[in-house]
Amino acid sequence: MEHNGYKVREKGKSIVVEGVGDFNPVHIFECGQCFRWVRQDDGSYTGVAAGRAVNVSFLNEKLIIQNSTKEDFADFWHNYFDLGRDYSKIKAMLSKDDIMRKAIEFGWGIRLLRQDIWETLISFIISANNRIPMIMKTVAAISKVYGTRIEFDGKDYYSFPSAESLRDSEIEQLEVCRGGFRCKYILQTAKAVAGGFVDLSKLGAMSTPDARDSLMKLPGVGPKVADCVLLFSGTKHDVFPTDVWIKRVMEELYFKREASMKEIQDFAAGYFGSLAGIAQQYLFYYARENKIGSN
DNA sequence: TTGCAGGGGTCAA
DNA sequence: TTGACCCCTGCA
């Protein structure tokens with residue numbers, strides 16, 4: 001495993017990691033890639049990933065993960081936070097113009113999480129024509145109804161349920177989670193994944209266009225959702241999820257005119273290449289936080 | 001207080 | 001290519 005020169009030590013039930021760079025919990029958890037991390041009063045974030053409930057903070061150049069161990073860190077969190085990747089190098093490569101330099105300066109601590117692809121798939125089906133607080137509520141509700149309870153710090157958290165757990169649900173029960181018209185897509189997708197119609201674990205070995213097409217066979221998954229699933233699960237980094245925010249920022253800052261989805265995607269592929277997805281996150285966070293393009 | 005537009009897209013016609 | 005769509009929030 002690549003180590004990147006950081007040092008991990010245990011301190012009670014927490015681990016403290018020194019030497020991690022390019023890491024800012026606010027940037028990471030609020031750049032739109034995840035829906036399971038909740039900001040606490042002290043600025044830290046508590047969340048659930050792969051059945052683990054932890055609290056994450058970054059203070060005095062130290063990454064602190066409460067409710068973890070060195071083994072757990074090596075086995076899971078290192079990969080989850082993409083710590084084997086040198087973001088300083090990536091940022092230098094992406095700093096091709098003033099727009100990207102500004103966006104990177106603004107969201108300097110973004111890292112692309114490597115989230116469970118099944119959870120990412122359902123989360124982004126829910127994201128269609130929806131708002132972030134609502135998406136978070138629905139994902140939390142699904143976890144509470146169908147997932148497994150995890151106790152942490154005197155509170156109850158819930159793992160995200162497997163496809164098998166969701167497959168046998170009645171649509172009425174799923175609708176309790178307030179997913180609206182997306183509930184039928186969730187149920188059908190759970191049946192398709194649990195039944196092996198689409199093997200999510202095989203997407204990484206496929207070409208990006210093939211992986212995209214495979215995901216788009218699933219109900220509720222169009223081009224934007226497919227790209228988000230590939231990017232935020234760490235499966236493919238050369239996609240450029242193009243939602244309304246990205247469309248606005250690209251039109252306003254790069255094209256200086258209206259542009260079609262295809263034009264934007266083609267431009268991103270040519271200009272950012274294999275790092276297009278990471279560029280997208282810096283641009284998205286910059287655009288949304290600064291309301292660029294919203295009149 | 002009530003009413004209405006619109007949101008990190010997708011689907012169907 | 002265009003409108004409907006669950007649900008909720010913000011704002012007349």
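Predicted model only: the values in this text are computed from it and were never measured. Chain letters run A, B, ... following the sequence lines, proteins first and then strands; every chain starts at 1.
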Contact interval (first through last nucleotide) of DNA chain B with protein chain A, 4.0 Å heavy-atom
B:dG6 to B:dC11

What nucleic acid atoms does [X] come within less than 4.0 Å of, heavy atoms only: base, sugar-phosphate, or nothing?
X        : result
A:Pro223 : sugar-phosphate
A:Pro241 : nothing
A:Gly32  : base
A:Ile132 : base
A:Leu218 : sugar-phosphate

No-H, no-angle donor-acceptor pair, A:Asn130 side chain to C:dC7 base, under 3.5 Å:
no

Rounding to an integer number of Å, can you tell me how far A:Ile142 CD1 sits from C:dC6 P?
16 Å

Specify the residues of residues 261-281 of chain A, ordered by number, for which at least one heavy atom lies under 4.0 angstrom from an atom of DNA chain B.
none

For residues 177-188 of chain A, which residues have at least one heavy atom under 4.0 Å from DNA chain B?
A:Phe181, A:Tyr185

With a 4.0 Å cut-off, would you call A:Asp86 and A:Lys89 a salt bridge?
no

Tell me the salt bridge (Lys or Arg N to Asp or Glu O under 4.0 Å) pairs involving residues 181-195 of chain A, sequence neighbours left out?
none

What I'd like to find out is whether the side chain of A:Ser143 reaches to under 4.5 Å of the side chain of A:Arg36, using heavy atoms alone.
yes

For DNA chain B, what are the stems built from at least three Watson-Crick or G-U pairs in a row, each pair having both distances below 3.5 Å?
B:2-7 with C:7-12, B:9-13 with C:1-5

Which atoms of nucleotides 9-12 of chain C (N or O only) lie under 3.5 Å from a protein N or O atom, and what are those distances?
residue, atom, partner, partner atom, Å
C:dT9, OP1, A:Lys137, NZ, 3.3

